[in-house]
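Written out below as structure tokens is the structure these notes cover.
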Amino acid sequence: ARLGPVPVPFFEQSNVLSPDDIGPHGYDRGGLTRERNGLVYTCRGGFIDIAHVRDNADRTIFLTVKIARALPGGATIEFPEEGTIRRVILRPLPDGLLAQYGHWGVAAALAAWANDELSAWHEIITWYGWESIKGVSERLSAFSPEDIYSNALGINLAVGIITNREMGSREQYEQSMTAWLGEALRRLGAVPRAQARLAMT
């Protein structure tokens, strides 16, 4: 951190975490302190933004359930405005598709694709000046190196949980997401906080 050309002494980036620092998942909790979100550095995936992982997993679950309820017919799923009106429009499916791929398999695939589009839109609109809090620019965080990978990780974790039928209730999903996220970080080679801070430097 600098003030003009002068470094700010004793400033430390506090949101760089070790995998042991993050808390249990809570569906649609918006980064409450219990989740303890931040950046975790991994040897195989670089920095992972845990809030992005959680948000994208939750939105994939939300979309999957909405789509599954509408299949094989169509539906319109509205989202809050973000620079423009956002909605997912599902057209009726061709005959035989559900029989071939299964109800939840089709719903999860469509939800994953739609959520990927929504997450890309968030980066685009932020780049062009949209602010979630008026007067606080987020342009510097648009397309930051960890965002796209973290979004994809969240989407894929949710699809895995759906495929394994580990979302029978909110509590089961939260427990599954906590476990899957921990295992994903382990497989990606997450490092302790001190090493993550060195990587950030």
Side-chain angles (χ1 to χ4, degrees), residues 13 15 25-40 45-94 97-98 101 103-163 167 170 173-174 177 180-181 184:
Q13 183 73 336
N15 72 335
H25 187 72
Y27 176 77
D28 198 26
R29 298 290 166 94
L32 292 177
T33 53
R34 142 187 204 274
E35 286 187 341
R36 294 189 300 275
N37 294 321
L39 300 174
V40 174
F47 281 101
I48 305 295
D49 186 326
I50 301 301
H52 275 249
V53 174
R54 294 183 196 272
D55 288 347
N56 280 275
D58 287 356
R59 193 165 42 243
T60 302
I61 293 289
F62 170 80
L63 279 166
T64 299
V65 170
K66 289 280 193 186
I67 291 169
R69 287 178 181 158
L71 292 178
T76 299
I77 304 164
E78 302 283 346
F79 283 88
E81 255 187 52
E82 192 171 275
T84 189
I85 295 170
R86 295 183 306 154
R87 63 176 59 107
V88 173
I89 299 171
L90 176 68
R91 305 276 184 227
L93 297 183
L97 195 67
L98 292 181
Y101 296 105
H103 200 87
W104 286 102
V106 170
L110 291 171
W113 179 85
N115 189 41
D116 187 59
E117 293 291 307
L118 288 166
S119 66
W121 171 254
H122 174 78
E123 301 303 322
I124 292 165
I125 197 66
T126 303
W127 176 258
Y128 282 100
W130 179 80
E131 299 167 346
S132 57
I133 300 169
K134 294 293 178 205
V136 179
S137 175
E138 299 174 49
R139 189 163 194 250
L140 285 176
S141 81
F143 293 107
S144 57
E146 73 282 356
D147 284 353
I148 304 303
Y149 190 89
S150 300
N151 295 347
L153 179 60
I155 291 167
N156 285 311
L157 290 179
V159 170
I161 289 167
I162 294 161
T163 302
M167 51 168 274
R170 181 187 193 118
Y173 166 66
E174 290 176 349
M177 184 59 189
W180 280 63
L181 178 56

Side chain Asn15, main chain Leu39, donor-acceptor under 3.5 Å: no

Less than 3.5 Å apart, which donor and acceptor atoms pair up between the side chains of residues 126-136 and the rest of the protein, not counting sequence neighbours?
| from | atom 1 | to | atom 2 | distance (Å) |
| --- | --- | --- | --- | --- |
| Thr126 | OG1 | His122 | O | 2.6 |
| Glu131 | OE1 | Gly135 | N | 2.6 |
| Ser132 | OG | Glu138 | OE2 | 2.5 |

Which atom of Ala70 lies closest to which atom of Ala75, heavy atoms considered: CB-CB, 3.5 Å

Close side-chain approach of Asp49 and Asn151, heavy atoms under 4.5 Å: no

CH2-CG distance between Trp104 and Leu98, expressed to the nearest 0.5 angstrom: 12.0 Å

Worked check of side chain to side chain donor-acceptor pair (under 3.5 Å) between Ser144 and Asp147: CA-CA 6 Å; Ser144 57; Asp147 284 353; 3.0 Å; yes

Side chain to side chain donor-acceptor pair (under 3.5 Å): pairs with one or both residues in residues 63-81, sequence neighbours excluded: Glu78-Arg87

Inter-residue atom distance Arg170.CZ - Tyr27.OH, 0.5 Å rounding: 7.0 Å

Stepwise side-chain contact (heavy atoms from CB on, under 4.5 Å) test for Leu157 and Leu181: CA-CA 7 Å; Leu157 290 179; Leu181 178 56; 4.2 Å; yes

Backbone of Asn37 reached by a side-chain donor or acceptor of Arg54 within 3.5 Å: no

ring-ring contact (aromatic ring centres under 6.0 Å, His included) partners for Phe79, two or more places apart: Phe62

Contact check, side chains of Ser150 and Leu153, non-hydrogen atoms, under 4.5 Å: no

Those residues that, when tested against His25, pass ring-ring contact (aromatic ring centres under 6.0 Å, His included) (two or more places apart): Tyr173

Gap separating the CG atom of Leu71 from the CG atom of Leu97, nearest 0.5 angstrom: 8.5 Å

Nearest-0.5 Å distance that lies between atom CG in Leu118 and atom CD in Glu123: 12.0 Å

Spacing of Asp58 atom CG and Ile155 atom CD1 [to the nearest 0.5 Å]: 12.0 Å

More than 12 heavy atoms of other groups within 6.0 Å of Leu140 CG: no

Non-neighbouring partners of Ser137 that pass side chain to side chain donor-acceptor pair (under 3.5 Å), sequence neighbours left out: none

Which atom pairs, one a donor and one an acceptor, fall under 3.5 Å between side chains of residues 106-115 and the rest of the protein, sequence neighbours left out?
| from | atom 1 | to | atom 2 | distance (Å) |
| --- | --- | --- | --- | --- |
| Asn115 | OD1 | Arg59 | NE | 2.4 |
| Asn115 | OD1 | Arg59 | NH2 | 3.4 |
| Asn115 | ND2 | Asn56 | O | 3.1 |
| Asn115 | ND2 | Asn56 | OD1 | 3.1 |
| Asn115 | ND2 | Thr60 | OG1 | 3.0 |

side-chain contact (heavy atoms from CB on, under 4.5 Å) between Glu146 and Ile48, worked out: CA-CA 6 Å; Glu146 73 282 356; Ile48 305 295; over 6 Å; no

Main-chain N/O of Ile125 paired with Glu82 side-chain donor or acceptor, under 3.5 Å: no

